[in-house]
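These notes are about the structure you will find just below.
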Amino acid sequence: MIPLEYLLLGVAVMLLLSVVSSKASTQLGVPTLVLFLLIGMLAGSDGPGGIEFNNPWLAQYLGTVALIFILFSGGLDTKWKEIKPVLWRGVILSTIGVMLTAIIVGYAAYYVLDFSLLEAMLLAAIISSTDAAAVFSILRSKQISLKGDLRPLLELESGSNDPMAIFLTTSLIALITGAIASPTTLISMFAQQMALGAVFGYMMGRGMAVIVNRIRLDYRGLYPLLTISLVLLTYALTAALGGNGFLAVYIAGLSLGSHSFIHKRSLIDDHDSMAWLMQIVMFLTLGLLVFPSKLIPVAGIGLFICFVLMFLARPMAVLICLLPFRKMPLKERVMLSWVGLRGSVPIILATFPLISGVQKADMIFNVVFFVVLTSVLVQGSSIPFFARRLGVDAPLVSLPEPPEAVPGREEWEPLVKLKVLSGSAADGKQIADLNLPDDTWIAVLRREGHPIRPGGSTVLKGGDRLSVQSSGPSLDLLRSLVEKKEIASDDNQPEQYVVQPDE
């Protein structure tokens with residue numbers, strides 16, 4: 001039995017290395033998921049860490065829970081107004097596109113490799129979904145973005161195509177193991193899972209907005225716990241009733257994000273942090289599960305699958321799915337064909353055959369792992385080059401976040417300019433330490449004539465000029481912080497100018 005302090009020490013070191021490596025990924029132009037996986041592999045039994053881990057059941061459970069929160073956070077952070085013009089294209093790519101990709105790769109694997117048709121299709125289904133996070137992390141590291149509808153289309157497709165890949169994977173496993181006798185039963189199963197997932201997801205998203213706005217909890221810190229419980233309830237309830245729980249949590253996040261609710265900005269940040277934690281835990285676990293020495297024997301197979309996926313399956317699937325949309329420029333179709341990077345979901349799905357007793361599950365897992373790493377490293381590194389060559393790149397513009405949404409308030413007060421006086425309560429303090437209400441937003445800070453984009457860690461100084469958007473009462477509180485001298489407090493005098501959080 002490992003002592004608790006040593007276990008916690010190992011967890012802390014691996015988490016710390018993962019967080020620090022995210023900074024290195026920006027410099028190297030490599031997605032953070034690859035570095036997380038490498039850290040897990042180095043800590044595993046084949047690496048210097050020497051940690052023995054061979055529990056695919058635990059890896060799958062952790063991966064499933066992680067995927068729930070990753071999909072919800074992705075939906076919550078997706079802006080409905082941006083994806084609405086590309087909705088049908090995204091839906092077709094995330095369903096028919098995934099299926100076409102799996103079919104093309106599956107038949108190629110069947111004719112070349114020593115796999116049965118169902119085993120080849122299972123391998124193809126596992127790697128059929130794409131990962132937008134890998135694409136955007138590479139573009140962000142190169143300080144470029146994508147023009148036109150490419151960015152929202154990629155965001156929608158990659159966020160919504162995981163449920164289809166999961167359905168194909170679980171269905172093929174059921175056919176291989178004999179749990180399902182006839183492939184025709186999959187049609188009704190697909191319709192049921194997708195319909196229930198979409199309906200329950202939308203209803204739960206609407207319900208979350210109502211609950212968050214009306215429950216009026218006494219403590220701000222309980223709101224993230226409330227939404228976490230609702231996310232888990234959405235998945236569990238949908239799955240128990242025969243729907244696709246992963247689709248439900250994504251649509252629930254999308255539905256909730258399109259509504260106004262209290263603490264919206266901070267809750268989105270909370271779930272973004274939760275998603276990052278889930279990604280780190282998931283990738284470290286999967287990195288521990290793989291044996292690097294087993295990847296070398298499948299390198300030839302992996303390279304063949306990568307070639308088919310990158311140069312045949314993905315381009316054909318994209319071009320066929322986008323045939324009805326004639327107004328979309330050809331260069332955008334070509335770019336969309338090339339940016340279909342594989343990410344975390346294929347590695348999670350590769351654990352499913354391991355715990356289901358599929359005959360070639362070990363080979364499938366190692367091939368999938370190799371394909372994901374190759375896709376991100378080789379194909380991913382060329383994305384900025386192709387974006388520039390095709391003329392679909394755009395400068396990466398970081399805009400300040402909009403003010404926190406407040407239910408029932410559609411219009412905001414105009415920007416008000418305030419000056420921070422020397423010796424005021426705000427002088428020398430971080431913005432986060434001021435405990436500003438959720439309906440108060442410091443848009444621009446000017447110091448000695450130079451504009452600064454303020455953040456929570458920005459320290460205010462006397463003479464700073466602030467452009468603020470806020471409601472009347474909250475604006476008065478902020479004005480008292482920046483324009484009045486701070487009054488020292490003692491045991492007989494209450495502390496002055498403390499802004500209470502908005503409830």
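Owing to the predicted nature of the structure, the values given are computational and were not obtained by experimental measurement. Values reported hereafter were calculated over all heavy atoms of this structure, with side chains retained and with hydrogens, waters and symmetry mates removed.
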Which atoms form the tightest heavy-atom contact between Leu15 and Ile280, and what is the distance? CD2-CG2, 3.5 Å

Step-by-step side-chain hydrogen bond (donor to acceptor under 3.5 Å, both in side chains) determination, Ser356 to Thr177: CA-CA 8 Å; Ser356 301; Thr177 58; over 6 Å; no

Side-chain touch Phe365/Thr351, heavy atoms, less than 4.5 angstrom: yes

Tell me if the CZ atom of Phe325 is crowded by more than 12 foreign heavy atoms within 6.0 Å. yes

Does CE belonging to Met363 count more than 12 external heavy atoms closer than 6.0 Å? no

For Ser375 and Gly340, work out which heavy atoms get closest and say how close. OG-O, 4.4 Å

dist Asn161:CG -> Met99:CE (nearest 0.5 Å) comes out at 12.5 Å

Which atoms form the tightest heavy-atom contact between Val368 and Ile347, and what is the distance? CG1-N, 4.1 Å

Between the main-chain N or O of Ser73 and the side-chain N or O of Asp77, is there a donor-acceptor pair closer than 3.5 Å? no

Please check if the side chain of Ser188 supplies one atom and the backbone of Thr185 the other of a donor-acceptor pair under 3.5 Å. yes

Taking 4.0 angstrom as the limit, do Arg89 and Asp149 come out as a salt bridge? yes

Quick check, are the ring centers of Phe190 and Phe167 under 6.0 angstrom apart? yes

Is the shortest side-chain heavy-atom distance between Ser160 and Val91 below 4.5 Å? no

Side-chain donor or acceptor of Asp272 paired with backbone N/O of Ile268 under 3.5 Å: no

What do you reckon, is CZ of Phe291 surrounded by more than 12 foreign heavy atoms closer than 6.0 Å? yes

Heavy-atom pair with the smallest gap, counting every atom of Ala198 and Ile251: CA-CD1, 3.5 Å

For the residue pair Gln60 and Ile355, what are the closest heavy atoms and their distance? OE1-CD1, 2.6 Å

Side chain of Ser158, backbone of Glu155: donor and acceptor closer than 3.5 Å? no

Which atom names give the shortest non-hydrogen contact between Phe369 and Leu286, and what distance separates them? CE1-O, 3.9 Å

Assess whether a salt bridge exists between Lys147 and Glu332, defined as any Lys/Arg side-chain N lying under 4.0 Å from an Asp/Glu carboxylate O. no

Take Phe311 and Trp338, measure what ring-ring contact (aromatic ring centres under 6.0 Å, His included) needs, and give me the verdict at the end. CA-CA 8 Å; Phe311 295 100; Trp338 186 247; 5.6 Å; yes

Quick check on Tyr107: does its OH atom have over 12 non-hydrogen neighbours (other residues, nucleotides or ligands) under 6.0 Å away? no

